[in-house]
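Read the structure below first, then the notes.
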Amino acid sequence: MRIDKLLANVGFGTRKEVKKLLKTGVVHVDGEPVKDGKYHVKLDEQSVTVHGESVEYKPYIYLMLNKPKGVISATEDNQHETVIDLLAFEHAVYEPFPVGRLDKDTEGFLILTNDGKLSHELMSPKKHVDKTYAATVRGEVTEEDVQKFKEGVELDDGYVTKPGHLVIREAGPISEIELTITEGKFHQVKRMFQAVGKKVLELKRISIGPLELDSNLRLGEYREMTEEEIEILRNSK
């Protein structure tokens, strides 16, 4: 990897700022000063230091984001703010992408990573990874709905969903529920309630597999995931 990209990736600033840093001679590779940003470092063989401090490079980044409404689950868009726009430079330079998607008007837990293998495992229909949502629904959600969701409901295009686990938190003209599903069809949660004559008013994803959204993250905030959390996701089935 080019030395300027490496230093930018680990938080030493923009490419322009890194270029100035290199000119000062404080960046060393295997003990020798390097001033050319185009210099290629062999990450698995060479050691890099800045001001005598060792530089640790990680190939992958894993972020937990509490996605707000109005932001789309994409890496770039000419018209709308994307989840990548919410990231600080030091994280954006790793070029992460959203694992799956949340609708523009849906909030909650979204994973961003540049680890394609983990992304594929989490999204693969064969893995059946649970995703749990909290929703506010117009219409009284009943035990009959719970049973229908358990059996799978037919959507407007004729597709019958895999079983969903519906929990009623509060029933009434406006109901509060939690729903766990293993699929991610387009607008699936909204369409499942539409199939039983209800309308989703508010929707938030609160967990992926056994991993819950960090309650300390406010809307629009994110953090790097811990090694333990990453392992939990890897072992999700």
pair Tyr62-Leu112: side-chain heavy atoms closer than 4.5 Å: no
Verify the neighbour count for atom CZ of Arg138: are there more than 12 heavy atoms of other residues, nucleotides or ligands below 6.0 Å? no
N-O pairing of Arg234 and Glu229 below 4.0 Å: no
Please determine if Lys69 and Glu202 form a salt bridge, counting it only when a charged side-chain N lies under 4.0 Å from a carboxylate O. yes
Between NZ on residue Lys20 and NZ on residue Lys16, distance to nearest 0.5 Å: 5.5 Å
Mind checking whether Ser119 and Phe97 have side chains closer than 4.5 Å, heavy atoms only? yes
Just by distance, no angles: are the side chains of Glu143 and Gln147 close enough, under 3.5 Å, to form a donor-acceptor pair? no
Pair Glu221 + Arg218: basic N to acidic O under 4.0 Å: yes
Can you give me every donor-acceptor pair (side chain of residues 32-43, partner residue at least two apart or in another chain, under 3.5 Å) with its distance?
residue	atom	partner	partner atom	Å
Asp36	OD1	Lys38	N	3.0
Tyr39	OH	Gln46	NE2	3.2
His40	ND1	Lys38	O	3.1

Between Asp4 and Lys19, is there a side-chain N and carboxylate O pair less than 4.0 Å apart? no
Least distance between heavy atoms, Thr106 atom then Leu203 atom: CG2-O, 3.5 Å
For Glu140 and Ser175, which I'm curious about, is there any donor-acceptor pair between the side chains at under 3.5 Å? no
Would the Tyr159 and Phe186 ring centres measure less than 6.0 Å apart? no
Does Ile3 belong to the same Ile/Leu/Val/Met/Phe/Trp/Tyr cluster as Phe12, with side-chain heavy atoms less than 4.5 Å apart forming each link? yes
Closest non-hydrogen atom pair, Ser73 against Leu110: OG-CD2, 3.8 Å
Testing the 3.5 Å rule here: is there a donor-acceptor pair between the side chains of His80 and Lys104? yes
Nearest 0.5 Å, please: how far is CD1 in Ile230 from CD in Glu228? 10.5 Å
Using every non-hydrogen atom in the two residues, find where Gly209 and Val129 come nearest and quote the distance to one decimal. N-CG1, 3.8 Å
Is it the case that over 12 heavy atoms from other parts of the model lie below 6.0 angstrom from the CD atom of Glu151? yes
Contacts satisfying side-chain hydrogen bond (donor to acceptor under 3.5 Å, both in side chains) that involve residues 91-102 (not counting sequence neighbours) are His91-Tyr222, His91-Glu224, Arg101-Asp103
Evaluate whether atom CD of Glu227 has more than 12 neighbouring non-hydrogen atoms of other residues, nucleotides or ligands under 6.0 angstrom away. no
In terms of heavy-atom contacts, Lys67 and Leu219 come closest through O-CD2, 3.5 Å
